[in-house]
Engineer: 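Okay, here's the structure, questions in a sec.
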Amino acid sequence: LSTSNNLPFSGFRTGVQVADHVDPAKRSEIMRAVGSRDTKPELLVRKMIHRAGFRYRLHSKSLPGTPDIVFPGLRRVIFVHGCYWHGHSGCRKAALPKSRVEFWNAKIAANRVRDENAMMQLRQGGWAPIVVWQCELRDPEEVLRRVTRFLGRVDG
Ligand SMILES: [Zn+2]
């Protein structure tokens with residue numbers, strides 16, 4: 001199993017920015033959602049995987065990074081990452097607001113470091129992690145194909 005393609009970090013983001021039209025109320029809503037469970041992209045991925053016949057556990061706190069979807073028998077885990085908050089490299093959805101750029105850059109950078117460390121620790125512990133990015137769910141079938149390959153089944 002090659003995990004080299006699954007590394008979410010190909011270098012730090014180049015600072016793509018968009019106009020900041022998120023009002024303060026909306027922003028605190030975003031902030032509350034940070035790190036929250038059962039986000040919509042995650043639910044979508046879970047549904048697909050479940051429908052494909054895989055069974056899993058959720059949010060294993062005993063594993064580095066608290067992976068969203070855990071396959072204990074296979075020693076594989078899936079993270080479903082929001083592009084913005086986890087700083088998806090080169091992704092439009094990850095564009096930062098123009099105001100308080102340094103604040104957000106620091107936050108996102110810290111998250112990326114934390115994510116990267118979690119992936120490393122998982123690999124060291126004999127687990128294989130992959131990341132499904134929120135933006136990839138525009139093509140759910142491709143995500144399912146990828147996840148199915150990852151889980152070692154080819155008859156999907
Ligand atoms: Zn993305």
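Whatever order the structure lists ligands and atoms in, that order sets their numbers, starting from 1.
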Engineer: Hydrogens and angles aside, do H59 and E42 bring a side-chain donor and acceptor to less than 3.5 Å of each other?
Structural biologist: yes
Engineer: Please enumerate all residues that pass side-chain hydrogen bond (donor to acceptor under 3.5 Å, both in side chains) together with Q121, with sequence neighbours excluded.
Structural biologist: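 Per chain and number, Q121 pairs via side-chain hydrogen bond (donor to acceptor under 3.5 Å, both in side chains) with no residue.
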Engineer: Please enumerate all residues that pass side-chain hydrogen bond (donor to acceptor under 3.5 Å, both in side chains) together with R114, with sequence neighbours excluded.
Structural biologist: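 R114: side-chain hydrogen bond (donor to acceptor under 3.5 Å, both in side chains) contacts with N111.
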Engineer: If I only include protein atoms of type N, O or S, how many are less than 2.8 Å from the Zn ion (ligand 1)?
Structural biologist: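 Count of protein N, O, S atoms less than 2.8 Å from the Zn ion (ligand 1): 4.
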Engineer: Do the non-hydrogen side-chain atoms of V77 and I69 ever get within less than 4.5 Å of each other?
Structural biologist: no
Engineer: What pairs with P140 under side chain to side chain contact (heavy atoms under 4.5 Å, CB included), at least two apart in sequence or on another chain?
Structural biologist: M48
Engineer: Would you check if I78 and D68 make a side-chain contact, meaning some heavy-atom pair closer than 4.5 Å?
Structural biologist: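 With C-beta onward as the side chain, the pair stays apart.
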